[in-house]
Structure formats: C-alpha cells, structure tokens
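Residues: numbered from 1 along the sequence shown.
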Amino acid sequence: MEEVREALTILNTESEKPILLEVFTDADKDAKILKSYWMTNRQEIPGMKLSGKARVKQIVRNILGNKAYAIREMFKK
C-alpha cells in the first residue's frame, strides 16, 4: 500500500512526460470480487432482469455470505 500511495503522489503531480502506473493483483481473487459485486448490484441496474437461477444464487449468497464460495469450491472437487 505504501508503494501505491507513493505512486499516486507522483501521478498527481504535473509532468511534461507520460506516466504509467502498473499494478499487479491476484487474478482469481479479483474475478471473485468482481463477480460478487455484479451479483450484489445486479438488481439495481435498470432494465436488467435476473433469471430464476440467478435469483436462487443471490438468495443463497445473501444467507451464507462469503461462505457460499467455500461451499461451492467443496462441491467442485
């Protein structure tokens, strides 16, 4: 986080040359977070309808929270 703070300070300063910020993250973790975000906020998007399967998944996630992913992983094995 300290490196990110330093980089943001540099990005916010005026420069005559282009500045590039490269950030490395965990792709699997990012995908899970992004999918969770879309599933949580899906019904708030105007015009987007949930399928029956998506509704059931959303109910299960609301009940189990983060444990839903752990349970799903158990059944994949």
Side-chain angles (χ1 to χ4, degrees):
M1 282 306 295
E2 187 58 37
E3 289 177 352
V4 172
R5 285 188 192 101
E6 289 175 24
L8 291 176
T9 302
I10 294 169
L11 284 173
N12 288 324
T13 58
E14 203 168 309
S15 174
E16 303 252 340
K17 298 178 181 179
I19 299 173
L20 175 67
L21 173 65
E22 186 174 13
V23 178
F24 296 94
T25 62
D26 182 319
D28 292 333
K29 187 176 180 182
D30 293 346
K32 287 179 182 179
I33 291 169
L34 185 58
K35 185 174 182 179
S36 174
Y37 170 80
W38 279 111
M39 292 307 295
T40 301
N41 296 292
R42 192 173 190 173
Q43 59 188 335
E44 296 177 19
I45 300 171
M48 187 173 230
K49 296 180 182 178
L50 290 174
S51 67
K53 183 178 177 180
R55 283 189 199 120
V56 170
K57 284 183 175 183
Q58 191 171 44
I59 290 168
V60 170
R61 281 191 186 97
N62 288 341
I63 293 169
L64 297 177
N66 291 335
K67 292 179 185 176
Y69 287 111
I71 293 170
R72 185 182 73 189
E73 294 302 316
M74 285 177 16
F75 285 108
K76 281 186 174 181
K77 294 177 181 178

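- Between the side chain of S15 and the backbone N or O of K17, at least one donor-acceptor pair lies under 3.5 Å.
- Taken to the nearest 0.5 Å, the CD atom of E6 stands 7.0 Å off from the CD atom of E3.
- The shortest heavy-atom contact between I10 and I19 is O-CD1, 3.8 Å.
- With values rounded to the nearest 0.5 angstrom, K32 atom NZ is found 8.5 Å from D26 atom CG.
- In this structure, CD1 in I33 is found 9.0 Å from OG1 in T25, a value given to the nearest 0.5 Å.
- Note that OG1 of T13 is 11.0 Å distant from CG of L8, once rounded to the nearest 0.5 Å.
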